[in-house]
Number of protein chains: 2
Amino acid sequence: MAVQPPRPKLPPLTALRAFEAAGRLGGFTPAARELGVTPGAVTAHLKTLESALGVQLFERRHKGVALTELGARVLPDFTRAFRQIDAAVQRLETEAAPGLVRIATTQDLAQLWLSPRLPRLRRAGLQVVPVPVDGPEAARGIADLALFAREGEGIAAPLIAVAAPGLVEAQLPALDPAEALVLAGPLGDWEVWAKAAGHAGFQPRGPVHGSAALALEEAANGAGVLVIARPLAEAALGQGRVVDPYGVTADSGVSLALWPLRDLPEGSAAATVLAALL
Amino acid sequence: MAVQPPRPKLPPLTALRAFEAAGRLGGFTPAARELGVTPGAVTAHLKTLESALGVQLFERRHKGVALTELGARVLPDFTRAFRQIDAAVQRLETEAAPGLVRIATTQDLAQLWLSPRLPRLRRAGLQVVPVPVDGPEAARGIADLALFAREGEGIAAPLIAVAAPGLVEAQLPALDPAEALVLAGPLGDWEVWAKAAGHAGFQPRGPVHGSAALALEEAANGAGVLVIARPLAEAALGQGRVVDPYGVTADSGVSLALWPLRDLPEGSAAATVLAALL
DNA sequence: CGTTCGGCTCAGAAAATCTGAGCCGAGGCT
DNA sequence: AGCCTCGGCTCAGATTTTCTGAGCCGAACG
């Protein structure tokens with residue numbers, strides 16, 4: 001008879017969303033990435049949900065988690081339901097701002113690859129906005145297109161070395177480890193490039209940058225030689241801010257990929273932009 | 001190019017829920033009732049949503065609001081989507097606690113009408129829990145059945161007058177305005193009863209109670225005569241705690257209604273309870 | 001046997017959400 | 001005209017939710 005505490009409430013939508021993501025992706029950590037929160041937050045949500053319902057949704061394994069039988073049974077319903085919500089939101093946003101195309105990408109790709117290509121699209125009346133996200137997983141529902149580097153097919157992204165024109169002058173600069181600027185990540189892989197250039201085992205010792213834009217700026221300012229994926233350096237090469245003194249190209253294995261994050265209606269602004277950029 | 005503030009996010013689910021409810025119910029106030037919050041909270045949600053999207057979803061009319069053309073266009077998608085969520089939650093809860101049946105009702109009905117009937121159901125292995133809510137509108141999604149007084153068909157709820165047995169003794173108590181206990185609301189309508197009893201125009205002056213349980217307790221303790229819907233007094237009459245000294249019955253126009261808040265699968269615990277209580 | 005992976009816990013911080021009270025304009029009523 | 005009611009708005013402040021960050025722990029990997 002005890003009529004529970006004051007306000008009976010439905011389980012919080014945000015906890016349900018966490019359950020859905022964790023179930024679909026098979027873990028709290030990937031779910032956290034998708035939701036743009038820390039894993040601890042997901043843990044907390046699931047704990048809330050499970051204790052509110054008095055049921056276990058996940059089995060805690062030594063490494064990771066797995067849906068319980070009950071969890072697996074109800075998950076598809078939630079996946080469907082949230083997909084519908086996302087679709088409705090997408091539609092609303094599209095209708096709210098027709099002609100606006102959001103591209104989820106990294107700061108670097110936005111600045112060095114996308115930005116130079118936008119003016120032409122703008123002139124065609126398409127409003128394109130880069131949305132900075134940590135990774136493709138976090139792009140769910142917040143953009144129309146995704147642009148990221150990834151292994152496999154796409155826009156080729158071979159590695160080249162670049163340096164300030166002033167550094168080259170009459171002769172090729174010697175490869176000095178102390179002046180070898182490093183861009184972290186596969187888009188700035190010195191090892192691969194050095195091998196292709198016949199300097200296998202070369203150890204760059206210059207400053208390490210996380211940002212391609214900054215690394216490129218440094219190179220343009222004469223700080224040294226930088227290995228970088230060509231598409232990122234194209235604008236700077238075109239403006240003569242850097243040059244490719246060695247002419248050595250190496251395949252990094254990754255390429256730039258641009259893909260739709262949802263169904264793009266035929267002839268929609270997003271579809272047009274996608275076609276124009278490829 | 002300005003890459004907006006740090007974290008691009010999807011519109012908060014709770015604001016979307018507010019939009020859906022307001023759109024479906026045609027106003028912020030009814031939506032607030034359904035969501036169990038104040039109208040101000042709904043106003044705020046809609047403001048958030050509209051400014052996040054940069055779109056007007058509602059036209060503000062002098063009295064109330066109306067969906068804009070855009071709002072009306074997208075509303076059905078959201079209604080469908082949230083219905084799916086609710087259904088998924090219902091299913092999850094049912095699977096989490098099979099045999100548990102939640103009945104949304106008022107404190108009074110739970111205590112005076114439902115409670116006496118539960119032991120029999122419990123003996124049949126059905127776990128029935130009353131969920132106290134403000135009104136039927138607020139019951140959405142948090143219970144399986146709803147039990148409320150309302151105009152129209154249902155379990156008849158004629159008005160009778162009751163008093164403590166000690167008050168009656170040898171003769172009928174005179175109708176003393178000062179000892180006429182009042183239960184607020186249609187389930188305690190003195191005017192209707194008095195007219196049926198041939199005392200048209202009688203003005204009760206006793207204490208006014210909002211709670212039927214409390215009013216009945218007062219009557220049982222000899223505080224005076226109380227007009228109340230018979231179903232609420234049945235248990236007390238059966239125990240001899242109060243008696244019906246006048247034997248006058250008046251139709252209040254309202255009755256008790258018990259109805260399902262969602263599809264009840266054939267043979268489910270909720271369906272069984274519904275059948276047993278009617 | 002050290003390292004990595006993934007989840008858990010806890011305290012504190014930040015943000016979302018809610019309330020309550022009063023305001024305002026329009027329409028209905030007398 | 002004057003009064004009342006209705007429904008939404010605003011604002012400050014309170015409350016609750018949600019999130020982070022740092023450290024812990026056990027198992028699997030190599």
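We name chains A, B, ... by the order of the sequence lines, and we start the count at 1 in each one. Note: hydrogens, waters and symmetry copies are ignored here, and every other heavy atom, side chains too, is used.
- The separation between A:R17 atom CZ and D:dT18 atom C1' is 15 Å, rounded to whole Å.
- In this entry the distance linking NZ of A:K47 with P of D:dT17 reads 14 Å, nearest Å.
- Within residues 55-72 of chain B, the residues approaching DNA chain C are B:H62, by heavy-atom distance under 4.0 Å.
- Each side-chain hydrogen bond (donor to acceptor under 3.5 Å, both in side chains) pair with one or both residues in residues 29-42 of chain B, not counting sequence neighbours, appears once here: B:R24-B:E34.
- The side chain of A:T43 has C:dC8 as its nearest neighbour among D:dT18, D:dC19, C:dC8.
- Closest to the side chain of A:H45, from the set C:dT19, D:dC9, D:dT18, is D:dT18.
- Two end axes, each from the C1' atoms of five base pairs, can be drawn for the helix from C:dC1-D:dG30 to C:dT30-D:dA1; they diverge by 30°, to 10 degrees.
- With a 4.5 Å cut-off on side-chain heavy atoms, A:L187 and A:I228 do not count as touching.
- To the nearest angstrom, P of D:dC19 lies 17 Å from CZ of A:R33.
- Within the structure, side-chain hydrogen bond (donor to acceptor under 3.5 Å, both in side chains) pairs that include any residue of residues 74-85 of chain B comprise A:R91-B:D77, B:E20-B:T79, B:D77-B:R80 (at least two apart or interchain).
- Heavy atoms of B:T14 sit under 4.0 angstrom from primed sugar atoms or phosphate atoms, though from no base atom.
- Heavy atoms from other residues, nucleotides or ligands lying under 6.0 Å from CD of B:E137 number more than 12.
- Distance, B:F28 CZ to D:dT10 P: 11 Å, rounded to whole Å.
- DNA chain D is contacted by both B:P30 and A:P12; B:P30 maps to the nucleotide lying nearer its 5′ end (nearest heavy atom per residue).
- Using a 4.0 Å cut-off between charged nitrogen and carboxylate oxygen, B:K195 and B:D189 do not count as a salt-bridge pair.
- When distances are taken from the side chain of A:T29 to each of C:dG7, D:dT18, D:dC19, the shortest belongs to C:dG7.
- Under a cut-off of 6.0 angstrom, the local environment of CD in A:Q56 is crowded, with over 12 non-hydrogen atoms contributed by other residues, nucleotides or ligands.
- Annotation: side-chain contact (heavy atoms from CB on, under 4.5 Å) contacts of A:S255 (sequence neighbours excluded): none.
- Separating the CG atom of B:L16 from the C1' atom of C:dT17 is a distance of 15 Å, rounded to the nearest angstrom.
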Residues 48-55 of chain A side chain polar contacts: donor-acceptor under 3.5 Å, at least two apart:
unit_1 : atom_1 : unit_2 : atom_2 : d
A:T48  : OG1    : A:A44  : O      : 2.9
A:E50  : OE1    : A:R60  : NH1    : 3.1
A:E50  : OE1    : A:R60  : NH2    : 3.4
A:E50  : OE2    : A:L57  : N      : 2.7
A:E50  : OE2    : A:F58  : N      : 3.0
A:E50  : OE2    : A:R60  : NH1    : 3.1
A:S51  : OG     : A:T48  : O      : 3.4

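- Atom CG in A:L49 sits about 11 Å away from atom P in D:dT18, given to the nearest Å.
- In this structure, CG on B:L261 lies 8.5 Å from CD1 on B:I142, to the nearest 0.5 angstrom.
- Atom CG in B:L46 sits roughly 16 Å away from atom P in D:dG7 (whole-Å rounding).
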